[in-house]
Every structure is written in C-alpha cells, then in structure tokens.
Amino acid sequence: MFYLILSSLEARTALIKYLKENGVGAVFHYLSLHGSEYYKARHDGRALPQCDRYADCLVRLPLYYDLEIEEVEKICEIIHSYFM
C-alpha cells in the first residue's frame, strides 16, 4: 500500500478531488477503530488524537503491482503537479 498523509481533512479532500478530475481514483480507507460502530462500546473513552488525525489525513494511492510503469509515472506526475 502506498499512501500520503496530508495536513488536514480539507487538504485530503482537495487532493482526492484533484486526482479524480485528472482520471486517478484515490481513496482514504482508514477509519479509526475506536470510532467504528463495532468498537465504540468496547473503547475506554480516552482520546486517541493520532488515530483521529490519520483517519482524516491519510490518502491511499492507486499504486499496485499490476500497473504498468507508464501508469505509475503518470500518477506520480499528477500528484507532483498538485503540490507545485
């Protein structure tokens, strides 16, 4: 898995939107366990700010073993252009 950690939920949302507009599908897929419906009743209630931060800021990139090198380079160029 390849991912980026952005500075905020807004930054993550903006990057995902930019990638989509440029034909690249990226998702966030990280949800903190203590906030899930399954685990809420089991959580002891303490704050877990880093878990919440990553839940808001992590973007999973669509890079995997089956991609051609040209596709990987294109995705990397689009990401680079967003930050420039």
Side-chain angles (χ1 to χ4, degrees):
M1 180 168 91
F2 294 91
Y3 59 89
L4 295 174
I5 300 169
L6 283 290
S7 60
S8 66
L9 174 60
E10 293 79 15
R12 180 188 78 185
T13 302
L15 175 60
I16 290 173
K17 180 179 183 238
Y18 180 82
L19 292 172
K20 184 177 180 181
E21 289 169 352
N22 285 278
V24 177
V27 293
F28 51 91
H29 275 259
Y30 176 82
L31 301 173
S32 54
L33 180 60
H34 72 283
S36 72
E37 287 301 316
Y38 169 78
Y39 200 76
K40 272 184 184 176
R42 296 167 179 83
H43 180 55
D44 61 12
R46 68 190 141 133
L48 299 170
Q50 293 305 317
C51 291
D52 295 330
R53 175 178 170 258
Y54 288 109
D56 286 348
C57 299
L58 191 138
V59 177
R60 197 178 88 199
L61 301 176
L63 300 174
Y64 49 92
Y65 74 93
D66 216 15
L67 285 178
E68 299 292 327
I69 191 67
E70 295 82 14
E71 294 170 300
V72 172
E73 289 172 350
K74 178 186 174 204
I75 292 167
C76 291
E77 287 172 13
I78 291 168
I79 292 168
H80 185 260
S81 71
Y82 176 80
F83 288 104
M84 294 312 293

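Note that the structure is predicted; figures quoted are calculated from it, not measured.
Residues forming a ring pair (Phe, Tyr, Trp, His ring centres under 6.0 Å) with Tyr82 (at least two apart in sequence, or on another chain): Tyr18.
Residues Phe28 and Leu33 fall into different hydrophobic clusters, defined by Ile, Leu, Val, Met, Phe, Trp and Tyr side chains chained together at heavy-atom separations under 4.5 Å. The cluster map of Ile, Leu, Val, Met, Phe, Trp and Tyr, joined by side-chain heavy atoms under 4.5 Å apart, puts Tyr54 and Val27 in different clusters. In the hydrophobic clustering of this structure, Leu48 does not group with Tyr39; members are Ile, Leu, Val, Met, Phe, Trp, Tyr whose side-chain heavy atoms approach within less than 4.5 Å, directly or through other members. Cluster membership check: Leu67 shares its hydrophobic cluster with Leu19, using side-chain heavy-atom separations under 4.5 Å among Ile, Leu, Val, Met, Phe, Trp and Tyr.
By the 4.5 Å heavy-atom criterion applied to side chains, Leu61 and Ile75 are not counted as neighbours.
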Would you check, one step at a time, whether the test side chain to side chain donor-acceptor pair (under 3.5 Å) holds for His34 with Asp44? CA-CA 9 Å; His34 72 283; Asp44 61 12; over 6 Å; no
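Distance check, rounded to the nearest 0.5 Å: CD of Glu77 to CG of Asn22 gives 11.5 Å. Atom OG of residue Ser32 and atom CG of residue Asp56 lie 8.5 Å apart, to the nearest 0.5 angstrom.
Across every non-hydrogen atom of Cys57 and Leu9, the tightest pair is SG-N, 4.4 Å. Nearest heavy-atom pair across Ala26 and Val59 is CB-CG1, 3.9 Å.
The residues Glu70 and Lys74 are annotated as not salt-bridged, no charged nitrogen and carboxylate oxygen being separated by less than 4.0 angstrom.
The main-chain N or O of Ala55 is found under 3.5 Å from a side-chain atom of Arg12 such that the two form a donor-acceptor pair.
Crowding of Phe83 atom CZ: a count of heavy atoms from other residues, nucleotides or ligands under 6.0 Å exceeding 12. Counting heavy atoms of neighbouring residues, nucleotides and ligands inside a 6.0 Å radius, atom CD of Glu68 does not exceed 12 of them.
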